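Computed from a predicted model, the values in this text were never measured in an experiment. Here, residue 1 is the first one in the sequence, and each next residue gets the next number. Computation of the quantities below employed the complete heavy-atom set of this structure, encompassing side-chain atoms and omitting hydrogens, waters and symmetry-equivalent molecules.
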Amino acid sequence: DTQTFPCYCWLVGDVKVEVREGTAKKLNEEILPQELAHRTAELQQRQKTYRWQAWAPGIPKCIDAKSEADLHPDDRFANEKRSDFEGSLHYALLELSLKKLAIRFGKSWDDLDDFKRIFWKLKSPIAEYTMKHWKEDWFFGYQFLNGSNPRMIGRCRILPSNFPVSGDMVQAFLSPNTTLDKELKAGNIYLVDHGIMDGVPANVIRTLKQHIAAPLCLLYEHPDSGLIPIAIQLEQNPSRDTPIFLPSDPHLAWLLAKMWVRHAEFQVFQVLSHLLHTHLVSEVICVATLRQLPAVHPIYKLLTPHLKYTLEINCRARTQLISPDGIFKRVVSTGGDGLLVLTQRAYRVLTYRSLQPNFDFVDRGVTKLKDYFYRDHTLLIWDAIHNFVSRMVSLYYSSDSEVQQDTELQAWIKEIVDEGFVERPEFGLANELKTKEELITLLSVVIFTTTAQHAATNNGQFDWCAWVPNTPCTMRQPPPTDKDAVTMGLIIDTLPDISQSCVQMAITWHLGRVQPDAIPMGQYVEQYFVEPAALQVIETLKQELKDIEEQIIKQNEGLELQYLYLCPSRIENSITI
Ligand code: OYP
């Protein structure tokens, strides 16, 4: 079932005239005066309907709406989507409050196994696998590559001066006949540095102060065991007796150190990789597109399917998730002021270049890491998107000067940069488009971000967060300073309590589950383009995605832990959740 959308729609007297089968046209291709007039009127109207708002200082701007109820009907969830969203959320929350009750009347929460008592009904195979393997070092390492936050790890050539790991400390974990120095030089040492968390204010939940640490974690690509952690420090500014935790430490001390890294991962993953890098970046494009490109413009037609439902889901996130009394405030350590501080810091260093995966992997020095499926699949999909966009843009722009002369397109990019990404001249995106190539790159970044990158971060969240000790949303005790004093009691007192754990499971299940009304990537169910040449370009994309799907399925055959988040059939065409 395809549905075509009006390209033109205007009033003649009292009669609404809609032109559905419109060929995409740039401004300079319009000849009829009434069409030109319509184009201007449409944009004037849209600029009244869609206005920018700074929800908070120092982060990208968003749509001016107090809640989703203020949005234009065209941008609201369809009924089925809305009732499914609200129904699933209530189902999950109810399910978990029952568990909570059951536990309250049972024995107290005193062992890691007790998390099993809320681990029923809402389950997934990877979540169950996580429950069985989360303590293992290889599994901890694996998640930096193929978990739901696969963009943090970077090669380490020189140890940071605030992380004084010595060769002696880690010698026992390296393969025989090598040294830390040699492995640093050989490029087999990697670092995950959560320095951005340092000093982020911690939430206070029902009068109890929560805790935040900013860990550093050194990893080694072992020729036999794969990527494994070899040293962890929980503070950025160590004093003389700040411990460096090692795999040879007392078992519970090493386990708790890893949990602190995973707690930082939860925050960086949800607030930065997920919310800032995908939801908020895409919203900027969405608002600028609605304000500056008429519906008949080819770039409007190209992008609109990738921006569907993003305004509403982001409004819901602002009113219910990250609001002063939202889910974050109620159960997450960065709730309250923390998440804004964190987002502002990350926005200050966000670059356009880092949103381009082909550069990102090179810049992080991770092109050679083994079994980095996220990287391999990302690059396949990035190429398919880039080819698709190149073909599409070439249908409508035959030269760089046509790009330069498209005044609507130039108003669009200016608004993206000067309004949406305001306050960030070093972001690295110019406020004019000089070449076709620049346009192609930008559109590829948008489509990649709204499809594959969102899927890679969003869709695994239940798998990796449902077993709460593996990715805790908050920590209720400060980080340990004495390796010998870590007990199971301290671990349980540190991890989220029953009720926080239940909410973590409910929300990650709600967001991570397959969306029943999902439109898969590249399936343009709502037909904006009508020209045969454009439709052919879409067909080619679909074919390329099908080939990628087959490659991914094949590559996963026989793997105990499969990486399927970037199967094109499982990627949504826009950010709708
Ligand atoms: C909106 O009833 C959204 O409280 C999700 O988020 C959940 C609600 C509202 C809650 C409604 C209610 C949509 C879109 C997004 C995003 C990016 C950040 C996601 C962070 C998820 C954090 C999970 C928290 C677990 C404790």
Side-chain angles (χ1 to χ4, degrees), residues 1-3 5 63 65-99 118 120-127 148 270 274-275 278-280 282-283 286 304-323 326-328 330-331 450-466 502-527 564-565 567-577:
D1 261 20
T2 61
Q3 195 188 346
F5 278 74
I63 187 72
K66 277 199 203 62
S67 79
E68 65 278 6
D70 286 351
L71 293 174
H72 190 273
D74 288 353
D75 303 299
R76 296 300 311 274
F77 287 172
N79 283 335
E80 307 82 69
K81 167 90 178 161
R82 195 192 58 244
S83 56
D84 173 71
F85 181 90
E86 290 169 359
S88 122
L89 194 62
H90 289 147
Y91 168 77
L93 290 170
L94 183 71
E95 194 57 50
L96 286 149
S97 41
L98 287 177
K99 289 178 192 174
I118 55 168
W120 36 269
K121 196 131 172 199
L122 302 186
K123 277 189 182 179
S124 76
I126 293 186
S148 48
Q270 291 291 17
H274 185 190
L275 183 64
T278 71
H279 283 256
L280 299 184
S282 301
E283 187 170 357
C286 186
T304 297
H306 299 290
L307 302 171
K308 182 174 173 154
Y309 289 160
T310 303
L311 293 182
E312 173 148 357
I313 195 62
N314 285 5
C315 283
R316 285 180 182 264
R318 280 187 288 271
T319 55
Q320 297 176 286
L321 199 60
I322 58 173
S323 51
I327 297 281
F328 263 75
R330 299 210 299 264
V331 301
T450 55
T451 58
Q453 187 62 6
H454 182 257
T457 42
N458 181 74
N459 296 4
Q461 61 181 305
F462 183 74
D463 289 343
W464 305 104
C465 300
C502 287
V503 176
Q504 172 170 335
M505 289 184 75
I507 303 294
T508 54
W509 179 79
H510 168 63
L511 298 178
R513 93 210 137 96
V514 176
Q515 297 298 304
D517 63 337
I519 300 175
M521 177 179 187
Q523 307 299 313
Y524 295 95
V525 179
E526 293 165 348
Q527 195 179 335
L564 298 169
Y565 305 121
C567 273
S569 64
R570 300 183 183 213
I571 300 176
E572 272 199 83
N573 217 21
S574 64
I575 299 178
T576 75
I577 188 69

Run Asp517 and Tyr309 through side-chain contact (heavy atoms from CB on, under 4.5 Å) and show every step you take. CA-CA 12 Å; Asp517 63 337; Tyr309 289 160; 4.0 Å; yes
Basic-acidic side-chain contact under 4.0 Å: Arg316, Glu86: yes
Evaluate the criterion side-chain contact (heavy atoms from CB on, under 4.5 Å) for residue pair Thr508 and Gln270; output intermediate values, then yes/no. CA-CA 10 Å; Thr508 54; Gln270 291 291 17; 4.2 Å; yes
Closest heavy-atom pair, Cys315 versus Ala65, reported as atoms and distance to 0.1 Å, is SG-CB, 4.1 Å
Are any of the side-chain nitrogens in Glu312 or Lys81 under 4.0 Å away from the carboxylate oxygens of its partner? no
By side-chain hydrogen bond (donor to acceptor under 3.5 Å, both in side chains), Ser323 pairs with (sequence neighbours left out) Asp325
For the residue pair Thr576 and Ile313, establish whether any side-chain heavy-atom pair is separated by less than 4.5 Å. no
Decide if the gap between the ring center of His510 and the ring center of Phe85 is smaller than 6.0 angstrom. yes
Trace of the side-chain contact (heavy atoms from CB on, under 4.5 Å) decision for Glu283 with Leu311: CA-CA 7 Å; Glu283 187 170 357; Leu311 293 182; 3.9 Å; yes
Report yes if the side chains of Ile63 and Asn314 come closer than 4.5 Å at any heavy-atom pair, otherwise no. no
Any side-chain heavy-atom pair from Ser88 and Trp509 closer than 4.5 angstrom? yes
Shortest non-hydrogen separation from Leu280 to Arg318 and the atoms involved: CD2-NH1, 4.2 Å
Grab the two heavy atoms, one from Leu307 and one from Cys286, that are nearest each other, plus how far apart they are. CD1-CA, 3.8 Å
Backbone N or O of Cys465 within a donor-acceptor pair of the Gln504 side chain at under 3.5 Å? yes
At their closest point, which heavy atom of Gln523 faces which heavy atom of Asn573, and how far apart are they? O-ND2, 3.8 Å
Looking at every non-hydrogen atom in both residues, tell me the closest pair between Leu564 and Arg570 and how far apart they are. O-CD, 3.4 Å
Is it true that Glu68 and Arg82 have a side-chain N and a carboxylate O under 4.0 angstrom from each other? no
Do the ring planes of His454 and His274 sit parallel (below 30°), tilted (30 to 60°) or perpendicular (above 60°)? tilted
Please give me the minimum heavy-atom distance between Lys308 and Ile519, naming the atom from each residue. NZ-CD1, 4.4 Å
Which value, rounded to the nearest 0.5 Å, describes the distance between Asp70 atom CG and Thr319 atom OG1? 10.5 Å
